[in-house]
S.K.: 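I am attaching a structure below and will ask some questions about it afterwards.
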Amino acid sequence: MATTVKETTQANPLGPGTNVPGKEMRYREAFNKTLRDELRRDPSVFIMGEDVAGGAGREHLGIIDSWGGPFAATKGLIQEFGAKRIKDTPISEAAMVGAAVGAALTGTRPVVDLMYFDFTTVAFDQLLSNAAKSRYMFGGQTKIPITLFARSGAGTGHAAQHSENFYSIIAHIPGLKIVAPSDPYTVRGLLAAAIRDDDPVIVCNHKKLINLSGFVPDESYVVEIGKGRRVREGSDVTLVGMSWTTEVCKQAADELAKQGVSADVIDVLSMSPLDEDIILDSVKKTNRVVIVDEDTPRCSMASEIAAVIADQAFDYLDAPVKRVTGPHTPVPYSRPLETVFIPDAPAVVATTRKLLGL
Amino acid sequence: MQFSREKLHWLYETMYRIRRFEERLLEETVKGNAMGVAHTSDGEEAGPTGICAHLDARDWIASTHRGHGHCIAKGVDTKRMMAEIFGRYTGMCKGKGGSMHIADFSKGMLGANGIVGASVPLAVGAALAAQYNGSKAVGVAFFGDGATSQGVVHESMNLAAIWRLPVIFACENNHYAESTPVEYAVAGTDIADRAAGYGIPGVVVDGMDVFAVFEAAGEAVRRARAGEGPTLLELKTYRYHGHYHADDPLKYRLKEEEDLWRKRDPIPNFEQRVTQQKQMTAAELAAIRKAIDAEIEGAVKFALESPLPPVEELYTDVYVSYSNSVVGLR
C-alpha cells in the first residue's frame, strides 16, 4: 500500500499550496471579509438578523456595533454600510425569513443570520413553504435569491439546542440548497457563491471551524455550489467528510498513512446539490468507503451518500459501505459525553482498519 | 367621498367579476373540471376591491388560500386564473400551482398561499424591499381571522411596526376559520384592537360595504406611502359558501345568520346606492354584468379548451440552477 499523503489542489485551483497572492486568515475573518465584499459588490444585498450590529437604535448615545453579530460574523460592517443594510431584528426567525422571501420576490437579495443552525426550525415553515416552493408553485415566474447562514455543530459546550448538524433535513427539500464550507478558503468562495446565487442557499459554519486559520487568496472568487473537493489523494480507502468531519478525515488520513494506509479524502462541501461524481470516482478507485458525518445516523447525509454509492458503485465495492456518525441522541453538554458524541479520527481509523481487515 | 364614474365603474365591475368567477368556478368544480379544491370568496368582494382600488402596478399584495378575489382585484387575467385552477398549461403558473397558488408577478400579485398566515411576512418583506429601494410602493397582506392565531403574523406585525414599513394588514374576518367560529378561536373583542399592541392604527371596517373599505384603505395607503408605517384593517365580512366547494356550512352555522349577512350583500347594496344617488343607471350596471358574464364564460371555455401541461413540466422551475438531477429514482 502506498504511504504518501499529499495536499492536492484538484477542484481547488486557488487553494492552499498554490502560488497566488493571498494571506493566512481565520475562517471567521474570511467570512466577514466576504460579506463586506458582497455588500460592496451588489447594492441589493443587505443583512438582517439578531444582533448583527447590536445595541440597535442607540447611535445617538455613541453605541454602535456593540456585538457585531454572533461570533463577530458581521463585526464592523454597520460602520461602512449603515443600519439600513446591517439590520438588527427582534427575535423573530419566522418573520425574518418570511420577510426575506418577500423582499427577495420583490427585487432584493437578503442575507439572514439565523445564529444557530438549530434555529432554522423556528423559521422552518417559511423555508419549506415559501422559500423552497414559491418558484415551482408559481410556475417559474420568480426567483428567491436569499442566503441564510448559521452555526452548526457540537464540540463547544453549546448543548442540545445549539449544536445541530441536521444538514439532511435541508438537503431533503427540493428548492433549497445547503453548503458547509470547511476552511477559510471555501467559506469565502461558497459564501460569495451563495449570495450571488438566485436560489435559497443555507450556509452552515461549524463552530469548531470558525477560529481555524488558512490561506485565502486576495482576489475575489467563488467556489461552485454542488462541487466537492479532494483534500487528500489516496488509493486504499475513501473517507468522505463534511464540515468539521473533513478535518476529522484529514487527521484520520494522516494517522492511517503512518500505518501504511493511503486514504483518499473527499470534502463534500455542498450537501444539496451533492457532487456524487467526485465521491463515486473515488470509490471506484479505492473500492472501500467510510463516510463521516457528525449528524445523528438515521436519514443523515451519511445515509444518503451510502445509498448513492450502493446504487451507482456497488460493483466496485470490496467491502460494505461504512458510516461513522454521532449516536441517535441529542448533543450532550458535559465534555466527556460531548467528546464521545462527535466522530473523531481514532474512530475513523478504527473503522477503516476493520474495513481493510487490519 | 366623491367618486369618478370610472372609479365607480371599476368598483362594480371588479366586485361582480369576483362574484361571477366564484359562482362559475363552484359549478365547474362540482362538475369535476377543477382538478383540486376551490376555496371561494363570494360575499367578501368589497374587501379586495376597496383596497386594490388604491393600488397600482408597483404595489404588491400577498394573498391566502381564498385568493381569487385578491387576484382579480389586482388585475390578474380571469382566463389564466380559471385555466390554472383547471390544471392547464395556459394557467398563471402553468398548472403547477392551482387555486391556492395563483400568482402574477407582472401584476404585483405575490401569490395565493396555502399556509394560513403566510401572506403576512411576505407582504412585510415586499414593504421592506420598497423601503430599502426608496420606492413609494406598498405591500398589502390579505389574511383571515384564522391567521391571527399564527405566531408569524404577530412577529411580522411587530417587525413592520418597529421599522415603520409601508404595509397594510388587511384582515378579512369572515367569522370562520374552516368550521371554527371567530368568537371561539380569537381572544378579545375586535382583531383590530391588536394594533394597539404594536402602536399602529387598527380600524374596524364594514367589509360588506365597498365604500367603507375604500375610505379606510385610502388612509392606510396614504400613511404607508408617506412613511408613517403600517395599519391594521379588520374587514368584517362573510363567506357565503363553505370553507371549500364540498363543505356544507350549515353543519356549523345557522341559515338565519347566512340570511342576515346576505341582506348586506356588497353588490346589490352598491347598485342601490349608485342608482339612488343617480351616479350610475340600472342599464349601465346591467351592461357591466353582461360583459363580465361573457368574460367569465370565455374564461371557462378558454380553460376547458387549453392543453394540459406536458409531463416534462414536473421537473422544471424547482431551482434557477441545480447541478443534480431532479428526476428522481425509478
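Numbers restart at 1 for each chain; the letters A, B, ... are given by sequence-line order, proteins then strands. We use all heavy atoms of the structure for the numbers below, so side chains are in, but hydrogens, waters and symmetry mates are not.
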S.K.: Could you check which of B:Leu159, B:Val124, B:Ile102 has the highest count of heavy-atom pairs closer than 4.5 Å to chain A?
M.R.: B:Leu159

S.K.: A:Pro110 versus chain B, heavy atoms under 4.5 Å apart: side chain, backbone, both or neither?
M.R.: neither

S.K.: Would you say A:Ile91 has more than 12 foreign heavy atoms packed within less than 6.0 Å of its CD1?
M.R.: no

S.K.: Within the structure provided, determine whether A:Val101 and B:Pro121 are in side-chain contact (heavy-atom separation under 4.5 Å).
M.R.: no

S.K.: Considering only heavy atoms, which portion of B:Leu128 lies under 4.5 Å from any heavy atom of chain A: side chain, backbone, both, or neither?
M.R.: side chain

S.K.: Which bit of B:Val318 is near chain A, if near means a heavy-atom gap under 4.5 Å: side chain, backbone, both or neither?
M.R.: both

S.K.: With a 4.5 angstrom heavy-atom cut-off, which part of A:Ile173 approaches chain B: side chain, backbone, both or neither?
M.R.: backbone

S.K.: Please rank B:Gly95, B:Gly97, B:Ala103, B:Ala137 by heavy-atom pairs under 4.5 Å with chain A and give me the top one.
M.R.: B:Ala103

S.K.: Please rank A:Gly140, A:Ala95, A:Gly98 by heavy-atom pairs under 4.5 Å with chain B and give me the top one.
M.R.: A:Ala95

S.K.: Under 3.5 Å, what donor-acceptor pairs does chain B form with chain A?
M.R.:
| from | atom 1 | to | atom 2 | distance (Å) |
| --- | --- | --- | --- | --- |
| B:Met92 | O | A:Gln141 | NE2 | 3.2 |
| B:Ala103 | O | A:Gln141 | NE2 | 2.8 |
| B:Phe105 | N | A:Gln141 | OE1 | 3.0 |
| B:Asn113 | ND2 | A:Asn130 | OD1 | 2.9 |
| B:Tyr132 | O | A:Lys84 | NZ | 2.9 |
| B:Tyr132 | OH | A:Pro43 | O | 2.7 |
| B:Tyr132 | OH | A:Val45 | O | 3.2 |
| B:Tyr132 | OH | A:Arg85 | NE | 3.0 |
| B:Glu155 | OE1 | A:Ala94 | N | 3.4 |
| B:Glu155 | OE1 | A:Ala95 | N | 2.9 |
| B:Leu314 | O | A:Tyr136 | OH | 2.7 |
| B:Asp317 | O | A:Tyr136 | N | 3.2 |
| B:Tyr319 | O | A:Arg135 | NE | 3.3 |
| B:Tyr319 | OH | A:Gly175 | N | 3.0 |
| B:Tyr319 | OH | A:Leu176 | N | 3.4 |
| B:Tyr319 | OH | A:Leu176 | O | 2.7 |
| B:Val320 | N | A:Asp199 | OD1 | 2.7 |
| B:Val320 | N | A:Asp199 | OD2 | 3.1 |
| B:Ser321 | N | A:Asp199 | OD2 | 3.1 |
| B:Ser321 | O | A:Lys177 | NZ | 2.7 |
| B:Ser321 | OG | A:Lys177 | NZ | 3.4 |
| B:Tyr322 | OH | A:Ser272 | OG | 2.5 |
| B:Asn324 | OD1 | A:Leu274 | N | 2.6 |
| B:Asn324 | ND2 | A:Leu274 | O | 2.8 |

S.K.: Could you check whether atom CG of A:Leu61 has more than 12 heavy atoms from other residues, nucleotides or ligands sitting under 6.0 Å from it?
M.R.: yes

S.K.: Please classify the contact of B:Ile162 with chain A as side chain, backbone, both or neither, using a heavy-atom distance under 4.5 Å.
M.R.: side chain

S.K.: At a 4.5 Å cut-off on heavy atoms, which part of A:Ile144 comes close to chain B: side chain, backbone, both, or neither?
M.R.: neither

S.K.: Under 4.5 Å from any heavy atom of chain A, what part of B:Ala112 do you find: side chain, backbone, both or neither?
M.R.: backbone

S.K.: Which one of A:Pro174, A:Pro200, A:Ala103 has the most heavy-atom pairs closer than 4.5 Å to chain B?
M.R.: A:Ala103

